[in-house]
S.K.: 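Got a structure for you, questions after.
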Number of protein chains: 2
Amino acid sequence: MSPTKEDYLKILFELGGRTEQVPNKEIANRLGISPPTVTEMMNSLVKAGWVVYTPYKGSKLTPKGTEYAKKLIRKHRLWEVFLVKHLGFDINKVHPEAELLEHSTSTVLADKLETYLNFPEYCPHGGAIPVDSMEAQEVKTLHLPEVEVDTPVKISRIVDDEKLLQYFRNHDLNIGDSIIVTSRDISLDLMTVHHISSKETIQISQTIAQYLFVEIISS
Amino acid sequence: MSPTKEDYLKILFELGGRTEQVPNKEIANRLGISPPTVTEMMNSLVKAGWVVYTPYKGSKLTPKGTEYAKKLIRKHRLWEVFLVKHLGFDINKVHPEAELLEHSTSTVLADKLETYLNFPEYCPHGGAIPVDSMEAQEVKTLHLPEVEVDTPVKISRIVDDEKLLQYFRNHDLNIGDSIIVTSRDISLDLMTVHHISSKETIQISQTIAQYLFVEIISS
DNA sequence: TATAATTATTAGGGTATCCTAAATTTATTA
DNA sequence: TAATAAATTTAGGATACCCTAATAATTATA
């Protein structure tokens, strides 16, 4: 498996390719490559049994492809824990480092690293680390724009992207914080969020709020 | 810089390409690729300023190429320290892991790792880690077959290769041990070594002993 | 020094990954 | 539903890296 192919599988997983067909354009956008290259690569991934591809429709991961993607994501998140907790990296800056390391990490190494880190449950951005808890986390978390008004929720995960992380940090929205969506204006693409502990009120774009994952507080 | 090109630079450094012209064949052997591929790659490395190449003679690193190679070797050795001391890898098994990781390690990451490891001087096989001490180490160490008979020496480094490491371990020759070469038979490619602390006498092939680096004990 | 052996290069290919431009299919909308 | 817009694929190329077979240069040896 080349790092390139691994990237395709991981992106596919992140774009929901476990359950839905992901259009080529989304993959091309995410990876910053041209659509014809995606078509070509998909044919190659199909041949190797990682992906099911329907021309003009999009691609889905096979069970084998899904497993592989989860293992990669686990490696990525384990490195992030190491980089932040032991090496002192800023949470906003670990993504590109982990992105490289994940492709150079054997299963033996990942297992030893996990032991060394004392079996962390989550990466610094709140993503589940054990492969068996990744899908469970997806089920129990909501994208912030999906939350009903006036329902208290807790921020459990932020998509791992430097700019997004900086944006949310600037708006004082961090993992573990409890918030309430107080109103929404779909036409203006805005939502108003009340931050419970700081008592501040924040307005953010719904498009961006999509990258904030929350859990309903069961109190 | 691709991992492939990085490997060429590193091998060149290890084969003495800092001071001498390294023939293509040696590089081809070490990397397990065909000689024409080496010729082709050398032309590409010349174009990028990493190497000086004399057709039919061999290649030397430019100062820029030497610096790059040393940085790679530093990364490799830092990872080895981490893998052995923190993750519990066997010394004989870390090479392939570090070989992959070194290509995915930014300077920032290497620096933070070095700090975390508390600025180790040597890798588990005795190789110097700070880039400025690598050449000094080369100067003060000898290949075991170069040592005069009856001169007490200390094993300071073993070339990082699983089979070699296993061979020396089986013969009870480890880093830090003090030994004396008691005799040599060039025609039989054999040398007899006396192990000072264990008082055992060991016979090893001179060809292989070349991969043991020692320092004269200045007592 | 001529010949043989060794080493290196050239010639001609192959795969992986990427691209742009043109053609095709699908989706949208008037 | 016909026309337009958007997404996808096909066609044709490029570069990086790797190969084998054939040729050329160098080195070793008789």
Side-chain angles (χ1 to χ4, degrees), chain A residues 1-17 20-61 65 68-69 72 96 99-100 102-104 207, chain B residues 1-17 20-61 65 68-69 72 96 99-100 102-104 207:
Chain A
M1 257 314 239
S2 68
T4 305
K5 285 199 167 67
E6 290 188 341
D7 283 337
Y8 278 83
L9 294 190
K10 223 181 46 158
I11 292 294
L12 220 32
F13 184 91
E14 288 169 7
L15 295 176
E20 285 152 52
Q21 285 183 328
V22 179
N24 282 1
K25 205 202 170 199
E26 282 189 42
I27 297 166
N29 285 158
R30 268 297 205 97
L31 293 174
I33 59 180
S34 71
T37 302
V38 177
T39 305
E40 189 179 48
M41 179 59 84
M42 285 311 159
N43 286 317
S44 158
L45 290 173
V46 165
K47 205 181 299 179
W50 303 110
V51 153
V52 174
Y53 181 50
T54 313
Y56 292 101
K57 300 297 179 183
S59 338
K60 279 173 87 161
L61 290 164
Y68 199 102
L72 279 170
E99 197 65 23
L100 290 177
E102 67 185 13
H103 301 298
S104 309
T207 308
Chain B
M1 257 312 238
S2 67
T4 305
K5 286 198 168 65
E6 291 188 340
D7 282 337
Y8 278 83
L9 295 190
K10 223 182 45 157
I11 292 293
L12 221 32
F13 185 90
E14 287 169 8
L15 294 176
E20 285 151 52
Q21 286 183 328
V22 180
N24 282 2
K25 206 202 168 199
E26 283 189 41
I27 297 166
N29 285 158
R30 268 296 205 97
L31 293 173
I33 59 180
S34 72
T37 304
V38 177
T39 304
E40 188 180 49
M41 180 58 85
M42 285 309 156
N43 286 317
S44 158
L45 291 173
V46 165
K47 206 182 297 179
W50 302 111
V51 153
V52 174
Y53 180 50
T54 312
Y56 292 102
K57 300 297 179 183
S59 338
K60 279 173 87 162
L61 290 164
Y68 199 102
L72 280 169
E99 197 66 23
L100 289 177
E102 66 185 14
H103 301 297
S104 308
T207 309

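Values reported hereafter were calculated over all heavy atoms of this structure, with side chains retained and with hydrogens, waters and symmetry mates removed. In what follows, chains carry the letters A, B, and so on, assigned in the order in which the sequence lines appear, proteins first and then strands, with residues in each chain numbered from 1.
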S.K.: Quick one: B:D7 CG to D:dA16 P, roughly how many Å, whole number?
M.R.: 17 Å
S.K.: Can you measure A:M1 atom CE to C:dT17 atom P for me and round it to whole angstrom units?
M.R.: 9 Å
S.K.: What nucleotide among C:dC18, C:dT25, D:dC19 has an atom nearest to a side-chain atom of A:M41?
M.R.: C:dC18
S.K.: For B:I27 and C:dA8, give me the distance from atom CD1 to atom C1', rounded to whole Å.
M.R.: 12 Å
S.K.: Could you state the atom-to-atom distance from CD of B:E40 to P of D:dA16 in whole Å?
M.R.: 10 Å
S.K.: Find which nucleotide of DNA chain C each of B:V22 and A:G32 is nearest to by heavy atoms, and output the residue with the more 5' nucleotide.
M.R.: B:V22
S.K.: Using a 4.5 Å cut-off on heavy atoms from C-beta on, say whether the side chain of A:S59 contacts that of A:N24.
M.R.: yes
S.K.: Any side-chain N or O of B:K57 below 4.0 angstrom from OP1/OP2 of C:dT7?
M.R.: no
S.K.: To the nearest 0.5 Å, what is the distance between CE on B:M41 and OG on B:S2?
M.R.: 5.5 Å
S.K.: Hey, does the side chain of A:T39 come within less than 4.0 Å of D:dT8's phosphate (OP1/OP2), counting only N and O?
M.R.: no
S.K.: B:P36 side chain: which of D:dT20, C:dC18, C:dA8 is closest?
M.R.: D:dT20
S.K.: Just how far, in rounded Å, is P of C:dC19 from CG of A:N24?
M.R.: 13 Å
S.K.: Choosing from D:dC18, D:dT9, C:dA8, which nucleotide comes nearest the side chain of B:I33?
M.R.: D:dC18
S.K.: Take atom CD of B:E26 and atom C1' of C:dT6, then tell me their distance rounded to the nearest Å.
M.R.: 14 Å
S.K.: Output the distance between atom NZ (B:K10) and atom CG (B:L12), rounded to the nearest 0.5 Å.
M.R.: 12.5 Å
S.K.: Within a strict 4.5 Å, meaning less than it, do heavy atoms of the B:E99 and B:D7 side chains meet?
M.R.: yes
S.K.: Is the shortest heavy-atom distance from the side chain of A:M1 to the side chain of A:L9 under 4.5 Å?
M.R.: yes
S.K.: Are the side chains of A:L45 and A:Y53 in touch, meaning some heavy atoms are under 4.5 Å apart?
M.R.: no
S.K.: Answer with base, sugar-phosphate or nothing: what part of the nucleic acid does B:G58 contact at a heavy-atom distance below 4.0 Å?
M.R.: nothing
S.K.: Is the phosphate of D:dA16, meaning OP1 or OP2, less than 4.0 Å from a side-chain N or O of B:S2?
M.R.: no
S.K.: Closest-nucleotide mapping onto DNA chain C: is A:P55 or B:Y53 further toward the 5' terminus? I mean the 5' end.
M.R.: B:Y53
S.K.: Considering just the side-chain nitrogens and oxygens of B:K25, establish if one lies under 4.0 Å of OP1 or OP2 belonging to D:dT27.
M.R.: no
S.K.: Using OP1 and OP2 only, check whether a side-chain N or O of B:Y8 sits under 4.0 Å from D:dC18.
M.R.: yes
S.K.: Let me know the distance between CE of A:M42 and P of D:dA7, rounded to the nearest Å.
M.R.: 16 Å
S.K.: Among C:dT9, C:dA16, D:dC17, which is the nearest nucleotide to the side chain of B:T4?
M.R.: D:dC17
S.K.: Which whole-number value in Å describes the distance from A:Y56 OH to C:dT26 P?
M.R.: 6 Å
S.K.: With a non-hydrogen cut-off below 4.0 angstrom, is A:T37 in contact with a base, only sugar-phosphate, or nothing?
M.R.: base
S.K.: Please pick, from C:dT9, C:dT20, D:dT8, the nucleotide with the shortest atom-to-atom distance to any side-chain atom of A:P23.
M.R.: D:dT8
